[in-house]
Protein chains: 2
Amino acid sequence: MPADAHRTKAAPDAGRAEPASPLTERQEARRRRILQACARLASRGGFDAVQMREVAESSQVALGTLYRYFPSKIHLLVATMQDQLEHLHATLRKKPPAGETAAERVAGTLMRAFRALQRDPLLADAMMRALTFADRGVSAEVEQVFRRTTAIILDATDLADPTPEQLSAVRVIGHTWHSTLITWLSGRASIEQVGEDIDTVCRLIDLTVPPPGRD
Amino acid sequence: MPADAHRTKAAPDAGRAEPASPLTERQEARRRRILQACARLASRGGFDAVQMREVAESSQVALGTLYRYFPSKIHLLVATMQDQLEHLHATLRKKPPAGETAAERVAGTLMRAFRALQRDPLLADAMMRALTFADRGVSAEVEQVFRRTTAIILDATDLADPTPEQLSAVRVIGHTWHSTLITWLSGRASIEQVGEDIDTVCRLIDLTVPPPGRD
DNA sequence: CGCCGATCTAGAACAAGTTGCAGAGTTGAT
DNA sequence: ATCAACTCTGCAACTTGTTCTAGATCGGCG
């Protein structure tokens, strides 16, 4: 029932996305076509180019069906982001970043993600704008994206059992990551400044993780 | 010429707002009425309740005139934010925050601002959403808001001549401030979490400002 | 097979941001 | 006072996100 596909509400397995309700093969295919069309359109013209009628036509689905799968343009773009983030996370898991300190690894990870986004700035723009524009009605989906981001950062720290302070630091890094990215996408900050700010905020992690065996 | 009132482009005095082009008294009054109506509507129903037709009617101005003063809803809301920020900044200048370290003072300042926003969450929501949703066409205006935010934080640090690292830390604090605020406004973080993250990020400032007389 | 409920399609309809336009009002210079 | 230029008004039109409706399809079940 795609009507519920986006309501990953009471599902206890909020990490994975699929097995909430059994989509048929055709439905799964539709969903993929839609996400793909969305990404393609965003890639071209950014947020404004993702027009629901276009997405529908482009993925060979009726407008009403599109809305059944994704109840708003924001939902659609947030889902697209979730999708992309999963790819990124999988890639990063295979090649974890090197670095002595946690700060270096986190900064390295984020800079790698940043370079990936630079290759498709308009898509990045569309997704980030949707993410920050989302209101309470999209909270659940946005929350998933944030959780994924947090997980990516936490993976890079290589911490087994983070303290509350460390979690707060990770959240702050996530905030900075999103906000600085927006600033860059809006043309108000240079690539260098983004790198600088990421480095700066990543020091927070080392504040809370004094390397036990440092000379 | 209100047609240019928002193009604070080549104006070298980007700090102050008024003297870009001489508005007549009636025009100044119109502008104020519009901003006031915008704030009032936002206060009630948030972003969605700020409808351009409503704003126009409510401020006794034709729709076309509204658009002449503020070329889009986003411009209007960002200008409203600028307006509110100026008030806040003036208030803070009169009663600067106490605190031994720069981190304490900055955190105190931001928490005070946060409490002010809590009194009008829907207005805050409308302004913040506009701010992060703004695209390149609003860059100049958004930039001013960021400058003002930065200035407020810098004031709290009490630094006379900040280094580049300190500026980066201030930017990161600003990023965290905006992003955590959005997260709270969307109902995805508690008030406590906001406070915690602000405290966390403010430590960055002390990292770059080692108090000269520490034991 | 024939039926039922859910899903999908095509398309109209509605809402709000934005634009365009003709005419009335204001302003400033002569 | 008069004229020209600019501004403001009222209103209609256009765009795009969203909703609604009537009918076509599909999938499972007796």
Side-chain angles (χ1 to χ4, degrees), chain A residues 1-7 21-34 37-38 41-42 44-80 126 129-130 133-135 137-138, chain B residues 1-7 21-34 37-38 41-42 44-80 126 129-130 133-135 137-138:
Chain A
M1 303 93 168
D4 300 335
H6 44 86
R7 310 201 144 256
S21 47
L23 293 213
T24 72
E25 214 165 303
R26 294 168 61 84
Q27 290 174 329
E28 195 53 60
R30 271 195 208 100
R31 193 188 141 87
R32 260 195 304 276
R33 253 183 295 144
I34 292 173
C38 173
L41 288 172
R44 299 242 189 296
F47 187 88
D48 292 338
V50 179
Q51 301 188 355
M52 299 305 266
R53 288 172 177 86
E54 281 278 322
V55 174
E57 188 175 355
S58 185
S59 48
Q60 298 184 288
V61 141
L63 192 55
T65 307
L66 172 53
Y67 273 95
R68 176 185 281 274
Y69 280 74
F70 302 97
S72 79
K73 174 171 174 175
I74 300 292
H75 280 86
L76 170 57
L77 279 165
V78 170
T80 302
R129 296 256 292 287
F133 189 63
D135 65 353
V138 207
Chain B
M1 304 89 172
D4 300 335
H6 45 86
R7 308 203 146 256
S21 48
L23 292 213
T24 72
E25 213 165 303
R26 294 167 61 82
Q27 289 175 329
E28 194 53 60
R30 268 193 209 101
R31 194 186 139 87
R32 259 196 303 276
R33 251 183 295 143
I34 293 173
C38 174
L41 287 173
R44 298 243 190 295
F47 188 89
D48 292 337
V50 180
Q51 301 188 356
M52 299 305 266
R53 289 172 177 88
E54 281 278 322
V55 174
E57 188 176 353
S58 184
S59 49
Q60 297 184 288
V61 141
L63 193 55
T65 307
L66 172 54
Y67 273 95
R68 177 185 280 275
Y69 280 73
F70 303 97
S72 78
K73 174 171 172 172
I74 300 292
H75 280 87
L76 171 57
L77 279 165
V78 171
T80 302
R129 295 257 292 286
F133 189 64
D135 66 353
V138 206

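Scope of the values below: all heavy atoms of this structure, side chains included, with no hydrogens, waters or symmetry mates. Chain letters run A, B, ... following the sequence lines, proteins first, then strands; residues in each count from 1.
Annotation: cation-pi pair Arg31(A)/Tyr69(A) absent, no NZ/CZ under 6.0 Å from the ring centroid and within 45° of its normal. A cation-pi arrangement is present between Lys73(B) and Phe47(B), with the terminal nitrogen or guanidinium carbon under 6.0 Å from the aromatic centre and inside a 45° cone about the axis.
Taking both residues in full, the closest heavy atoms of Ala134(B) and Ile74(B) are given as CB-CG2, 3.7 Å, listed atom of the first, atom of the second, then distance.
Under a 3.5 Å cut-off, the side chain of Thr65(A) and the backbone N or O of Val61(A) do not form any donor-acceptor pair.
As rounded to whole Å, 10 Å separates atom P of dT18(D) from atom CG of Leu77(A). The distance from atom CZ of Arg26(A) to atom C1' of dT9(C) is 13 Å, rounded to the nearest whole Å. Distance, Tyr67(B) OH to dC14(D) C1': 13 Å, rounded to whole Å. Atoms CZ (Arg33(A)) and C1' (dC8(C)) sit 11 Å apart, rounded to a whole Å. Taking atom CZ of Phe133(B) as the reference point, atom P of dG17(C) lies 12 Å away to the nearest angstrom. One atom, CD1 of Ile34(B), and another, P of dC8(D), lie 9 Å apart when rounded to the nearest Å. Atom-to-atom, CG of Leu66(A) to P of dT19(D) comes out at 12 Å; the value is rounded to the nearest Å. Rounding to whole angstrom units, CZ of residue Arg129(B) and C1' of dG17(C) are separated by 15 Å.
For the segment residues 46-54 of chain A, residues with any heavy atom less than 4.0 angstrom from an atom of DNA chain D are, sorted by number, Val50(A), Gln51(A), Met52(A), Arg53(A).
When each of Leu63(A) and Leu63(B) is assigned the nucleotide of DNA chain D bearing its nearest heavy atom, the one mapping closer to the 5' terminus is Leu63(B). Between Gly64(B) and Lys73(B), the residue anchored nearer the 5' end of DNA chain C, judged by the nucleotide with its closest heavy atom, is Lys73(B).
Taking side-chain N and O atoms only, Tyr69(A) has a distance below 4.0 Å to OP1 or OP2 of dC8(C).
Here the side chain of Gln27(A) is nearest to one of dT9(D), dT18(D), dC8(C), namely dC8(C). Which of dT18(C), dT9(C), dT9(D) sits closest to the side chain of Arg30(B) comes down to dT9(D). For Arg68(B), whose side chain is taken as the heavy atoms from C-beta onward, the closest listed nucleotide among dA10(C), dG17(D), dT7(D) is dT7(D).
If you check every strand for non-hydrogen atoms under 4.0 Å, Glu57(B) touches nothing.
Rounding to the nearest 0.5 angstrom, the gap separating the CZ atom in Arg68(B) from the CD atom in Gln27(B) is 9.0 Å.
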